[in-house]
Each structure stands twice: as C-alpha cells, then as structure tokens.
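In the text below, chain A, chain B and the rest are named by the order of the sequence lines, each starting its count at 1.
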Amino acid sequence: MSGNHHDHLHTHDDHAPVGATEPRPEYARLERAVRELLIAKGVITADDVRKQIELMDSRTPAMGAKIVARAWVDPAFKTRLLKDAKAAAEEMGVDTSNSATVVALENTPARHHVVVCTLCSCYPKAILGVPPAWYKSSAYRARTVKEPRKVLAEFGTFLPEGVEIRVVDSTADMRYLVVPMRPAGTEGWNEDRLAALVGRDSMIGTALATTPA
Amino acid sequence: MSFAPGTRVTVRNDWPEAKGVKVHIRTPHFVRGKTGRIETLIGVFGDPEFLAVGRKDAPKRALYMVVFDRADLFPGTNARNETLTADLYENWLEPAP
C-alpha cells in the first residue's frame with residue numbers, strides 16, 4: 001500500500017485483509033446440481049445459461065465511467081442522474097430493464113460515499129458489470145462498516161478528517177453508484193478523456209477519480 | 001406509520017433468527033436497537049422476508065434510507081465525522097423515544 005499519510009504504526013495481523021473471497025465448494029456443487037436439473041427438466045437450456053453469462057461479462061465499468069463523465073460536463077444530465085439513475089443510464093444506452101433501482105450518490109468536498117453490501121454482495125451490475133472478488137469478501141463487508149477510514153487507507157485512499165465518510169450499506173432494493181468528484185486540472189476536457197479518469201473503484205467509493213499528472 | 005425526513009427512529013431490537021424458524025432478514029444486526037434519522041423515503045417494495053421464501057402474499061412496505069452516526073453503532077471506535085446508511089423497511093422502525 002502507498003502511505004505517505006499513513007502516519008500511525010500498527011500491525012495488520014489483527015484482521016483479515018480485504019482480498020479475494022474464500023472458495024465455497026459446497027455452493028459450486030449446489031449451483032451445478034440445480035442448473036443440471038433445470039436443464040434436464042426443460043425449464044432452461046444450456047444456451048440460456050451461456051447467453052446470460054455472456055451478457056453479464058459484456059457489462060464493464062467503462063459504462064459507468066461514461067455516465068460519470070457525462071454528469072461532469074452536463075449539469076442537466078447530472079440532475080437527472082441524481083434523481084433517477086436508471087433513466088439516466090437508459091439515456092446512455094444501458095439496458096437496466098432487469099436491474100433493481102439504481103441510485104447515484106454524489107461525492108462532494110464535504111462528503112465521501114463508500115458502498116458495501118454487508119448482507120451479501122448487492123452491486124449495480126447493469127452499469128458496472130460483475131463486482132470484484134474483494135467486494136464480496138467477508139473482510140470487506142465486515143470491516144468497511146467498522147473501520148472505513150482504515151479500509152480506504154488500505155486501498156490507498158486518504159481523506160482529510162473534515163470530510164464526512166458515509167458508508168452506504170446496500171441492504172435492500174437499491175443499487176448504489178458513486179459519482180466521484182471531478183479532478184482538478186481537467187477544465188475543458190471532453191467526455192472521452194474524462195471517462196478514462198473514472199475507475200471502477202471510484203464508483204464504489206474505495207478510490208477517487210484519477211488526477212491527471 | 002410513515003416517517004418524514006429528519007425524524008429520529010429506532011430500529012426494533014428483534015431477533016427472529018433466534019426463534020428457530022428459517023427467516024430471511026434484511027436488517028443488519030449492527031443497527032438493531034440503534035437510533036438514527038430518516039434520510040429519505042426510497043419507495044414501496046414487497047417485503048423480502050416473505051418473497052425470499054416464495055410467499056405470494058408479501059405485503060408492500062415503505063423502504064427508508066436511515067442514516068446513523070457510526071459512533072452510535074460501534075461505541076468505542078474512532079468514528080469522528082463518519083455516518084452509515086442502511087435501507088430499512090417500515091416494520092423495523094419505531095419513533096425514537
């Protein structure tokens with residue numbers, strides 16, 4: 001981890017690192033058994049399963065980055081995004097018809113949002129695609145609510161104490177998309193250039209948008 | 001009961017999991033019995049405690065975003081200027097005393 005602001009000394013032995021989720025072979029067996037039964041009984045076909053996986057893998061954080069970049073340059077679009085993120089995503093060509101309600105949360109100089117699903121792994125898949133493995137790990141889910149600044153620091157994200165950290169636990173029917181702050185030094189940039197600064201983690205809230213060198 | 005934004009609410013300190021029946025609860029343990037305030041009414045949705053077990057008679061319930069001070073949720077932790085929101089169904093919320 002990078003850490004020029006990491007000025008306190010402690011060991012990291014007292015908690016699990018935020019990393020890949022632990023393998024659960026029993027769930028893999030259960031999934032296979034249910035899938036094979038559904039196919040054998042003609043409820044779904046193997047091609048349906050394949051197509052769904054292909055569709056899931058076709059969605060990437062690049063779509064979210066385009067939406068954020070549009071919001072940075074177009075205040076009317078940003079207003080629509082913050083009011084109804086699904087409708088705004090549809091405007092940008094994202095199919096959200098099978099998605100739960102999506103809510104966009106704007107980071108400001110006063111408040112930084114970070115999203116977690118403590119109960120499972122709720123994530124705005126229609127816009128960002130499949131969540132990273134660490135998002136589903138029990139370490140991230142448990143620790144983000146208990147020590148968010150420490151978790152952010154492990155991601156290399158250091159925020160002044162004056163900035164409110166708001167942990168958003170995605171417990172029910174909402175999926176949350178963080179709109180990071182537009183970095184300084186990008187005045188006059190077009191949407192494509194801006195979108196390249198918007199990484200996946202900045203839309204989860206574990207990172208900021210990239211500041212141009 | 002409906003709650004206006006800013007209303008202080010206490011999450012029911014109820015533990016259906018402990019009653020020995022199979023349940024699906026979307027109210028995290030760490031907010032039960034805790035007091036926060038209504039940020040916004042999100043909408044009205046079928047109760048997941050019914051939907052998760054395939055029941056067709058799931059009542060519609062108002063879902064609220066409730067904001068807590070993190071220091072209230074985890075006393076003793078260093079939680080200055082930190083808040084946490086959870087999305088909670090109306091039947092889990094009571095007006096704060």
Could you list which of residues 47-65 of chain B have a heavy atom closer than 4.5 Å to any heavy atom of chain A, in residue-number order?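 Against chain A, the residues of residues 47-65 of chain B that fall inside the cut-off (heavy atoms, under 4.5 Å) are B/L63, B/M65.
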Kindly determine whether A/T171 and B/R26 satisfy side chain to side chain donor-acceptor pair (under 3.5 Å), including the steps that lead there. CA-CA 6 Å; A/T171 55; B/R26 302 295 307 179; over 6 Å; no
Excluding sequence neighbours, so at least two apart, what forms side-chain contact (heavy atoms from CB on, under 4.5 Å) with A/P109?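 side-chain contact (heavy atoms from CB on, under 4.5 Å) list for A/P109, sorted by chain: A/M181.
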Do [X] and [Y] come within less than 4.5 Å of each other through their side chains, counting heavy atoms only?
X	Y	value
A/R149	B/N81	yes
B/R70	A/V167	yes
A/T118	B/H29	no
A/D169	B/F30	yes
B/D87	A/Y176	yes

Heavy-atom distance under 4.5 Å to chain A: side chain of B/F68, backbone, both or neither?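 When you check distances to chain A, no heavy atom of B/F68 falls under 4.5 Å.
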Can you say whether B/I25 sits under 4.5 Å from chain A via the side chain, the backbone, both, or neither, judging by heavy atoms?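 For B/I25, the contact with chain A is made by the backbone alone.
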Tell me which of these, B/T85, B/I42, B/V31, B/T27, has more heavy-atom pairs under 4.5 Å with chain A than the rest.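 Highest number of pairs under 4.5 Å: B/T85.
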Taking 4.0 angstrom as the limit, do A/E164 and B/R80 come out as a salt bridge?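 Salt bridge between A/E164 and B/R80, a charged N being under 4.0 Å from a carboxylate O: no.
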Top contributor to chain B interface from A/V163, A/V116, A/V114, A/I165 [non-hydrogen pairs under 4.5 Å]: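 When all of A/V163, A/V116, A/V114, A/I165 are compared, A/I165 has the most.
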Which one, A/V103, A/T101, A/V168, leads in non-hydrogen pairs under 4.5 Å with chain B?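 The answer is A/V168.
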For A/R50, does the CZ atom sit with more than 12 other heavy atoms under 6.0 Å from it, leaving out its own atoms?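 Yes, because the 6.0 Å sphere around CZ of A/R50 holds more than 12 heavy atoms from other groups.
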